[in-house]
Each structure stands twice: as structure tokens, then as C-alpha cells.
Amino acid sequence: MGTIRRKNGKFYAEVCRKGKRKGKTHRTKSEAMRWILVTEEEFDTGVIPDKTLGDLLQRYGDTVSPQKKSHQRELNRIGVIQRDPLGRVRLVDLTAPVVAEWRDRKLTQIKPNTIRRDWVLLGS
């Protein structure tokens, strides 16, 4: 069962199943209750896939990158990130400390401007 809390005049709904947690803020309590029911159903039926960052980047490279002028460079950059341990991190496990560890590790190997370009790609 999900929980609903009042937060800054709005309703924060949260669902936790099998160690996975998902939450969202809603304007009304009835919207929050509806969202909890739908989200619990998604968790129970397994609709939420365990995608990795590499999977997401692959989809981005297939759909968005071909429309860009520098798509080949972007595809090369996507391939580098996919081969890195960061590319194998599940999206539900992707947190700020994980990305900070990746950044710090990469700073010892490549120049800061290259990391900035990778960061822009991840932000897209």
C-alpha cells in the first residue's frame, strides 16, 4: 500500500515494492490515490523494466542522434559510456553519488572538457 503525506500544501504519494521506491507530488488527495493504484499495478505486473543507462543511451542514439549534424561523434560518445561501468547501472540505482564517482574516476583519465561533453550528453 502506498502512503500519502501533505507537503507544502500538496500531497506527496509514495509507493515501495520489492525494494523499489517511487514517489510523486499531486495537487489533490484523490489524484494521489489514483496514482498510487496505477503505480502499484505497474510494480505488481512487472511493467516497469529494469533498464540500464546504456539501454537508455542506445535508444537515444537510435531515435534522437540521427537528426543531429554531429550524430557520428555523439554515437561514439554513447558507445564509450555504454562500455563504462556507468552504462551497466540500472536506472533505479542511478543516484548522484554514482554519477559523482564516475566523474571523479574519469577526471583521472581524461580532461575536464571531455567530461563536460559527456555530461551534456547525459543531460540530453
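What you see below is based on every heavy atom in this structure, not just the backbone, and it leaves out hydrogens, waters and symmetry mates. Small disclaimer: the values here were computed from a predicted structure and weren't measured.
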Open item on the list: To the closest 0.5 Å, what do you measure between CD1 (I4) and CD (E31)?
Closed with: 11.0 Å

Task: Counterpart residues, side chain to side chain donor-acceptor pair (under 3.5 Å), relative to D104 (two or more places apart) - done: none

TODO: State whether R21 and E14 are salt-bridged, where the test is any N-O pair (Lys NZ or Arg NE/NH1/NH2 against Asp/Glu carboxylate O) under 4.0 Å.
DONE: yes

- [ ] Flag the pair D84 and R105 as a salt bridge only when some basic side-chain nitrogen lies within less than 4.0 angstrom of an acidic carboxylate oxygen.
- [x] yes

- [ ] Check whether any side-chain N or O of Q82 sits under 3.5 Å from a backbone N or O of G54 as a donor-acceptor pair, and report yes or no.
- [x] yes

Task: CG-CD1 distance between L121 and I78, expressed to the nearest 0.5 angstrom - done: 5.0 Å

Task: Contacts of Y60 that satisfy side chain to side chain donor-acceptor pair (under 3.5 Å) - sequence neighbours left out - done: K68

Task: Beyond-backbone contact of T52 with V89, side-chain heavy atoms, under 4.5 angstrom - done: no

Open item on the list: According to a hydrophobic-cluster definition based on side-chain heavy atoms being under 4.5 Å apart (Ile, Leu, Val, Met, Phe, Trp, Tyr only), do W35 and Y12 belong together?
Closed with: no

Task: Nearest-0.5 Å distance that lies between atom CG in L107 and atom OG1 in T114 - done: 10.0 Å

TODO: Check whether any side-chain heavy atom of L122 lies under 4.5 Å from a side-chain heavy atom of I81, and answer yes or no.
DONE: yes

Open item on the list: If we check side-chain hydrogen bond (donor to acceptor under 3.5 Å, both in side chains) with S65, which of these qualifies: Q72, H71, E74, R73?
Closed with: E74

Task: Donor + acceptor pair across side chains of N113, R116 (<3.5 Å) - done: yes

- [ ] Could you check if a side-chain atom of R34 sits within less than 4.5 angstrom of a side-chain atom of V38, using non-hydrogen atoms only?
- [x] no

TODO: State whether F11 and R6 meet the cation-pi test: NZ (Lys) or CZ (Arg) under 6.0 Å from the six-membered ring centroid, and within 45° of the perpendicular axis.
DONE: yes

Open item on the list: I want to check something: taking the side chain as every heavy atom from C-beta on, are L56 and K51 in contact at a cut-off of under 4.5 Å?
Closed with: no

Task: T3 vs I36 side-chain heavy atoms within contact, under 4.5 Å - done: no

